[in-house]
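All values below were derived from every heavy atom in this structure, side-chain atoms included, with hydrogens, water molecules and symmetry-related copies excluded.
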Amino acid sequence: MKRIIAVDISGRHRHNSRYLMVCAAVSLSVSGGHVKQIHGVNIKPFVSDNPPEVVDVVQMIERTVEGMGGVIIVAEEGDLFNQPEWLSNSMFTASFKYPESLSERMGVEIAHHISLSSRNLLLDPRSWEPIKDNL
């Protein structure tokens with residue numbers, strides 16, 4: 001069994017003249033084709049007037065995984081603009097890789113659902129209503 005941090009970023013496209021992105025990081029224990037345990041989740045929103053570049057994505061990921069432990073960060077190639085893995089790995093202060101196993105891909109999929117859902121919630125004006133009004 002090994003520990004990874006699966007990461008995904010949603011919103012790397014313009015929305016109302018800005019880039020409203022959410023990075024989700026999920027700390028997992030994985031084995032073969034199975035996710036054994038989820039240890040924690042970090043979610044961070046980011047806003048930019050300019051489209052993100054590779055260096056920006058690396059910084060978003062590193063800020064999101066802060067405090068989650070020194071394990072391998074796993075993210076899809078597309079999140080890092082399809083750079084070769086060795087180049088992406090060299091930009092991170094922690095170990096980094098693209099998903100290879102089924103369990104690593106499942107971890108990234110979990111992170112994707114969290115980042116996309118979180119971004120959609122932040123963009124939905126109804127999500128800002130006070131809870132007491134909904135009871």
Side-chain angles (χ1 to χ4, degrees):
M1 192 158 39
K2 67 178 176 178
R3 208 121 165 225
I4 64 168
I5 300 175
V7 177
D8 184 74
I9 299 173
S10 289
R12 291 187 344 182
H13 51 275
R14 189 176 292 278
H15 178 81
N16 293 337
S17 76
R18 299 180 93 181
Y19 294 84
L20 308 170
M21 299 164 282
V22 173
C23 183
V26 182
S27 176
L28 311 142
S29 288
V30 297
S31 177
H34 302 283
V35 172
K36 298 291 187 180
Q37 184 177 4
I38 295 177
H39 303 283
V41 174
N42 282 358
I43 304 166
K44 294 231 186 272
F46 296 92
V47 178
S48 176
D49 292 326
N50 301 312
E53 297 180 11
V54 176
V55 175
D56 302 319
V57 171
V58 170
Q59 289 174 353
M60 283 188 270
I61 291 172
E62 288 203 326
R63 287 189 52 206
T64 305
V65 303
E66 278 179 10
M68 295 186 87
V71 295
I72 299 171
I73 299 168
V74 179
E76 291 288 347
E77 288 181 63
D79 278 344
L80 289 150
F81 301 91
N82 297 312
Q83 298 291 321
E85 186 173 35
W86 66 268
L87 181 58
S88 295
N89 187 25
S90 71
M91 293 187 221
F92 283 89
T93 57
S95 295
F96 175 86
K97 68 183 288 246
Y98 294 135
E100 295 172 355
S101 69
L102 179 59
S103 57
E104 291 171 348
R105 291 183 195 286
M106 290 169 70
V108 171
E109 185 177 346
I110 292 167
H112 169 73
H113 287 293
I114 293 169
S115 68
L116 181 60
S117 298
S118 299
R119 184 173 183 275
N120 288 341
L121 181 63
L122 290 172
L123 293 176
D124 183 354
R126 295 172 296 168
S127 68
W128 296 101
E129 294 176 14
I131 293 174
K132 66 180 180 181
D133 291 348
N134 293 326
L135 298 176

>> Tell me whether M91 shares a hydrophobic cluster with M60, the cluster being built from Ile, Leu, Val, Met, Phe, Trp, Tyr side chains joined at under 4.5 Å.
In response: yes
> Going by heavy atoms in the side chains, are L28 and E104 under 4.5 Å from each other?
Replying inline: no
> Just how far is it from atom CG of D8 to atom SG of C23, taken to the nearest 0.5 Å?
Replying inline: 7.5 Å
> What is the minimum heavy-atom distance between A94 and E62, and which atoms define it?
Replying inline: N-OE2, 3.9 Å
> Roughly how far, to the nearest 0.5 Å, is CD1 of I4 from CE of M68?
Replying inline: 10.5 Å
> Looking at M21 and G11, what are the two nearest heavy atoms and their distance?
Replying inline: CG-O, 3.1 Å
> Any idea which heavy atoms bring A6 and A111 closest together, and the distance?
Replying inline: O-CB, 3.7 Å
>> Measuring from atom CD1 of I5 to atom CZ of F96, what distance do you get when rounded to the nearest 0.5 angstrom?
In response: 12.0 Å
> CD1/I114 to CD1/I38 distance, rounded to the nearest 0.5 angstrom?
Replying inline: 6.5 Å
>> Is there a continuous path of hydrophobic side-chain contacts, each under 4.5 Å between heavy atoms, that joins F81 to V55?
In response: no
> Roughly how far, to the nearest 0.5 Å, is CG of L80 from CD of E53?
Replying inline: 13.0 Å
>> Could you measure the distance from the CZ atom of R119 to the CD1 atom of I9? Nearest 0.5 Å is fine.
In response: 12.0 Å
> Can you find a pair of side-chain heavy atoms, one from Y98 and one from Q83, that are under 4.5 Å apart?
Replying inline: yes
> Within a reach of under 6.0 Å around CZ of R63, are more than 12 heavy atoms found that belong to other residues, nucleotides or ligands?
Replying inline: no
> Where is the tightest heavy-atom contact between P45 and L122, given as atom of each residue plus distance?
Replying inline: CB-CD1, 4.2 Å
> Are more than 12 heavy atoms from other residues, nucleotides or ligands located less than 6.0 Å from atom NE2 of H34?
Replying inline: no
>> For a quick test of reading the model, state the closest non-hydrogen atom pair linking G32 to S103 and the distance between them.
In response: O-OG, 2.7 Å
> Which heavy atom in S115 sits nearest to a heavy atom in S10, and how many Å separate them?
Replying inline: OG-OG, 2.8 Å
>> For a 4.5 angstrom cut-off between non-hydrogen side-chain atoms, does D56 reach S48?
In response: no
> Can you tell if the side chain of I61 reaches within under 4.5 Å of the side chain of I73, non-hydrogen atoms only?
Replying inline: yes
> What residue among V7, N42, V71 forms side-chain contact (heavy atoms from CB on, under 4.5 Å) with V65?
Replying inline: V7
> Under 4.5 Å between any side-chain heavy atoms of E85 and K97, yes or no?
Replying inline: yes
>> When you group the ILVMFWY residues by side-chain heavy-atom contacts below 4.5 Å and let the links chain together, are V74 and V54 in the same group?
In response: no
> Does any non-hydrogen side-chain atom of E76 lie less than 4.5 Å from one of P99?
Replying inline: yes
> Under 4.5 Å between any side-chain heavy atoms of F46 and Q59, yes or no?
Replying inline: no
> Below 4.5 Å, heavy atoms only, C-beta onward: do V41 and V26 meet side chain to side chain?
Replying inline: yes
